[in-house]
Peer 1: 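This is the structure I have questions about; it appears just below.
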There are 2 protein chains.
Amino acid sequence: MALEHAILVSLLEKPGSGYELARRFERSIGYFWTATHQQIYRVLKRMEADGWIDACDVPQRGRPDKKEYSVSAAGLSALTGWLDEPVQPESVRHELAVKVRGAAFGEPAALIGEVERHQRMHRDRLAHYLAGQRRDFGGSDTAGDPGAEDLDAGRELQHAVLRGGIAYERMMIAWLDDVLATLHRLSPRRRPGPSGGRPAQDGPVPDSAP
Amino acid sequence: MALEHAILVSLLEKPGSGYELARRFERSIGYFWTATHQQIYRVLKRMEADGWIDACDVPQRGRPDKKEYSVSAAGLSALTGWLDEPVQPESVRHELAVKVRGAAFGEPAALIGEVERHQRMHRDRLAHYLAGQRRDFGGSDTAGDPGAEDLDAGRELQHAVLRGGIAYERMMIAWLDDVLATLHRLSPRRRPGPSGGRPAQDGPVPDSAP
DNA sequence: TTGACCATGTAACATGTTACATGATTTA
DNA sequence: TAAATCATGTAACATGTTACATGGTCAA
C-alpha cells in the first residue's frame, strides 16, 4: 500500500525510468523501503493506468530507449492525500530476534558468527550513511541547528531521514554487542573477550562508502 | 520463510493452539514478528503435513475443542538447521520515513500530528516493555551482569530480545523528537516550543502496561 | 439479548520473490 | 570474446491481507 507512494516521492525528487528507480531502491530510498525491479515495473504500469504518472519515451544514443516517468497533478494529490491518512502500526519483522530466541533450543554459541556478520553489515551501512551525510550535508551529525545553512525543505527532510538511519544503525550495533555478550556468557567455553564484547563506536569503522 | 520458525520457537517455549498462537503474535513474539490468525492456521496445516509439529485434540469444558500443537523432533531439527543458515539482508519498511521525505511535496506541518501519534505509540510500547522487564527480569535494564541471578538460557535470550525492543523504542522516540523539531523549523507559524521539541526520556512516560 | 471471547476455518485478492527471457552497448 | 551495465519485461509461486462464515459460552 506504500510502494506507490515511495515511487511518487522518488519521482518527485527526480523523474526517471523503471530501471533507474530500481537502482534507487538499492540505494537511498532502499534504506527504508525495498522493492525489486519486477515489482517496480508492475506498479509503474498500474500507476500510469491510474494517471498518477506520465511516461515519455526518451531515445538514447548507444543505449536502449527508456520510458522516463514523472508525477502528474493527480499523482501529487494522491501523495498529499496519503500523507494525511494515519499509517497503521506497521508490521515488524526482525528475523534475527526470532533466531536469538530460537537459540535457546539449539547451541547458543552457534549463533555468534551470524550475529557478528550482521553487526558487520550494520557497521558498514553506518559508515556509508556517515559518509553520505558528510558529502551531502556538511559533516554535521547533530539535529536542531537552525542558524547554520539554509537548506530547502526537501533536503532538510532527507537529512532527517538519514539521521534516523544513522540512529538505527548505532542502536543495532550496540544491541548486537549486547546479544554477543549474552551468547558468550551462555557458552563460556568460547573466549568471552576482555569485557564480553567491545562497546559500540563509529569512529574506526570499516569505511565501505561507495 | 520465517513464520514457520517463529511458530516453532513459540511452540517450543510453550505448546498451544492456533488461536493461542494468534494471541501471542499480538503480544510477545508480535513485537518482532507479526502474523494474523489466517496466516497462522494456514502455516500450521502445512507444518503438520510436513511433520514439524504434532497436533492433539484437547476437549474443554465450556469451550470449543482446540488442537494443541507441539514441536516434533523433525521440527526441532528444522529450527536448529535454520539457525545455522545465514539470514539475508532483511527488507526494511519504514512507512513513516517515506512520509517524512514526501512531506517536502505537501505541507510539512500537516505531518506533525501523525508523527506525534507515532511517538505516542512508541512511548506506550516502551512503557509496556519496561513494565514487562520489571515483572519478568527484576527491573535491571543493563546487560552483562553475569554474577547476579542465574537464569536459564531461554530466559536470558528472551531478555536480550526485550532489551533490543527497549533500545529500538528509545531510539525511535528520540528520532521522532528530531523529526518534530525539523518539521516545526520548516513551518515556523506553529509554536516551535521552548526548544523545538522536548528531549527523549522514559521516566515520566504514560504507563499503559496491561 | 447484546456483545465479547474462544476457536477454526474459506475465498478472494494484493503484494513480494524467484527464475527466466531478450537484446543492445560498453569495458576489460 | 567475455562480462558487466542498461533497459524492459513474463510467469510461476509464496506470502500477507481483508472480508466473510460458523457456532458455542459467559458476563453485563
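These numbers come from the heavy atoms of this one structure, side chains and all, not from hydrogens, waters or symmetry mates. Quick caveat: nothing in here was measured; it's all calculated off a predicted structure.
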Peer 1: Of the listed nucleotides (dA12(C), dT17(C), dT8(C)), which one gets closest to any side-chain atom of Thr36(A)?
Peer 2: dT17(C)
Peer 1: Between Glu20(A) and Gln39(B), which residue's closest nucleotide on DNA chain D lies nearer the 5′ terminus?
Peer 2: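 On the 5' side of the pair lies Glu20(A).
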Peer 1: Could you work out which one of dG16(C), dG9(D), dA7(C) sits closest to the side chain of Tyr19(B)?
Peer 2: dA7(C)
Peer 1: For a quick test of reading the model: is some side-chain N or O of Arg23(B) closer than 4.0 Å to OP1 or OP2 of dC6(C)?
Peer 2: yes
Peer 1: Can you tell me how far P of dA14(D) sits from CG of Asp50(B), to the nearest Å?
Peer 2: 12 Å
Peer 1: Rounded to whole angstroms, how far apart are CD on Glu90(A) and P on dG16(D)?
Peer 2: 16 Å
Peer 1: Would you mind classifying the nucleic acid contact of Gln60(A) as base, sugar-phosphate or nothing, using non-hydrogen atoms under 4.0 angstrom?
Peer 2: sugar-phosphate
Peer 1: Taking only side-chain nitrogens and oxygens of Arg93(A), does any of them come within less than 4.0 Å of OP1 or OP2 of dT15(D)?
Peer 2: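 No, Arg93(A) has no side-chain N/O under 4.0 Å of OP1/OP2 on dT15(D).
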Peer 1: Nearest-Å distance, CG (Asp57(B)) to C1' (dG9(C))?
Peer 2: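 Whole-Å distance recorded here is 15 Å.
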Peer 1: When we call it a touch if two heavy atoms are under 4.0 Å apart, what does Thr34(B) touch: a base, just sugar-phosphate, or nothing?
Peer 2: nothing
Peer 1: Have a look at Arg61(B) and say if it touches a base, only the backbone sugar-phosphate, or nothing, with a 4.0 Å heavy-atom cut-off.
Peer 2: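 Touches nothing.
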Peer 1: Which nucleotide in the list dG9(C), dA19(C), dA12(C) gets nearest to the side chain of Gln38(A)?
Peer 2: dA19(C)
Peer 1: Keeping Trp175(B) on the side-chain end and Ala160(A) on the backbone end, is there a donor-acceptor pair under 3.5 Å?
Peer 2: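 At least one qualifying donor-acceptor pair exists.
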Peer 1: Take atom CD1 of Ile40(B) and atom P of dG9(C), then tell me their distance rounded to the nearest Å.
Peer 2: 13 Å
Peer 1: Return whichever of Leu3(A) or His37(B) has its heavy-atom-nearest nucleotide of DNA chain C closer to the 5' end.
Peer 2: His37(B)
Peer 1: Given atom CD of Glu26(B) and atom P of dT17(D), what is their separation to the nearest angstrom?
Peer 2: 13 Å
Peer 1: Using the side-chain heavy atoms of Pro64(B), tell me which of these nucleotides is nearest: dT8(C), dG23(D), dT15(D).
Peer 2: dG23(D)
Peer 1: Which one of His159(A), Arg163(A), Glu156(A) satisfies the side-chain hydrogen bond (donor to acceptor under 3.5 Å, both in side chains) criterion with Thr182(B)?
Peer 2: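 With Thr182(B) as partner, His159(A), Arg163(A), Glu156(A) yield a single side-chain hydrogen bond (donor to acceptor under 3.5 Å, both in side chains), made by Arg163(A).
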Peer 1: For residues 92-101 of chain B, which side-chain donor-acceptor pairs fall under 3.5 Å, sequence neighbours excluded?
Peer 2:
from	atom 1	to	atom 2	distance (Å)
Arg93(B)	NH2	Thr34(A)	O	2.6
Arg93(B)	NH2	Thr34(A)	OG1	2.9
Lys99(B)	NZ	Trp82(A)	O	3.2
Lys99(B)	NZ	Leu83(A)	O	3.4
Lys99(B)	NZ	Glu85(A)	O	2.3
Lys99(B)	NZ	Glu114(B)	OE2	3.4
Arg101(B)	NE	Glu13(A)	OE2	3.0
Arg101(B)	NH2	Glu13(A)	OE1	2.8

Peer 1: Report the distance from atom NZ of Lys45(B) to atom C1' of dA7(C), rounded to the nearest whole Å.
Peer 2: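 That distance rounds to 13 Å.
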Peer 1: Is a side-chain N or O of Ser17(B) found less than 3.5 angstrom from the main chain of Glu68(B), in a donor-acceptor match?
Peer 2: no
Peer 1: Measure distances between side-chain N and O atoms of Arg42(B) and base N and O atoms of dG16(D), and say whether any donor-acceptor pair falls under 3.5 Å.
Peer 2: yes
Peer 1: Report the C-alpha separation of Arg23(B) and Glu26(B) in whole Å, then their side-chain angles, then the decisive distance to 0.1 Å, and conclude whether the side chain to side chain contact (heavy atoms under 4.5 Å, CB included) test is met.
Peer 2: CA-CA 5 Å; Arg23(B) 302 274 103 189; Glu26(B) 286 167 5; 3.8 Å; yes
Peer 1: With distance as the sole test, does Ser72(A) use its side chain to make a donor-acceptor pair with the main-chain N or O of Gly51(A) at under 3.5 Å?
Peer 2: yes
Peer 1: Quick one: side-chain hydrogen bond (donor to acceptor under 3.5 Å, both in side chains) pairs with a partner in residues 39-48 of chain A, sequence neighbours left out?
Peer 2: Glu4(A)-Arg46(A)
Peer 1: Mind telling me whether Trp52(A) and His5(A) have parallel, tilted or perpendicular rings, with 30° and 60° as the class edges?
Peer 2: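 It falls in the tilted class, 30° to 60°.
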Peer 1: Is the distance from OP1 or OP2 of dC6(C) to the nearest side-chain N or O of Lys67(B) less than 4.0 Å?
Peer 2: no
Peer 1: Starting at the 5' end of DNA chain C and moving along, which residue's nearest nucleotide shows up first, Trp33(A) or Arg63(A)?
Peer 2: Trp33(A)
Peer 1: Under 4.0 Å: is that the gap between some side-chain N or O of Lys66(A) and OP1 or OP2 of dG9(D)?
Peer 2: no
Peer 1: Using the C1' atoms of five pairs at each end, what's the angle between the two axes of the helix from dT1(C)-dA28(D) to dA28(C)-dT1(D), to 10 degrees?
Peer 2: 30°
Peer 1: Whole Å only: how far is the OH atom of Tyr41(A) from the C1' atom of dT18(C)?
Peer 2: 17 Å
Peer 1: Could you go through Glu169(A) and Leu130(A), starting from their C-alpha distance and side-chain angles, then the distance that decides it, and tell me whether this counts as side chain to side chain contact (heavy atoms under 4.5 Å, CB included)?
Peer 2: CA-CA 11 Å; Glu169(A) 299 306 332; Leu130(A) 290 173; over 6 Å; no
Peer 1: Ser91(A) side chain: which of dT17(D), dC6(D), dT8(D) is closest?
Peer 2: dT17(D)
Peer 1: Whole Å only: how far is the NE2 atom of His5(B) from the C1' atom of dT15(D)?
Peer 2: 15 Å
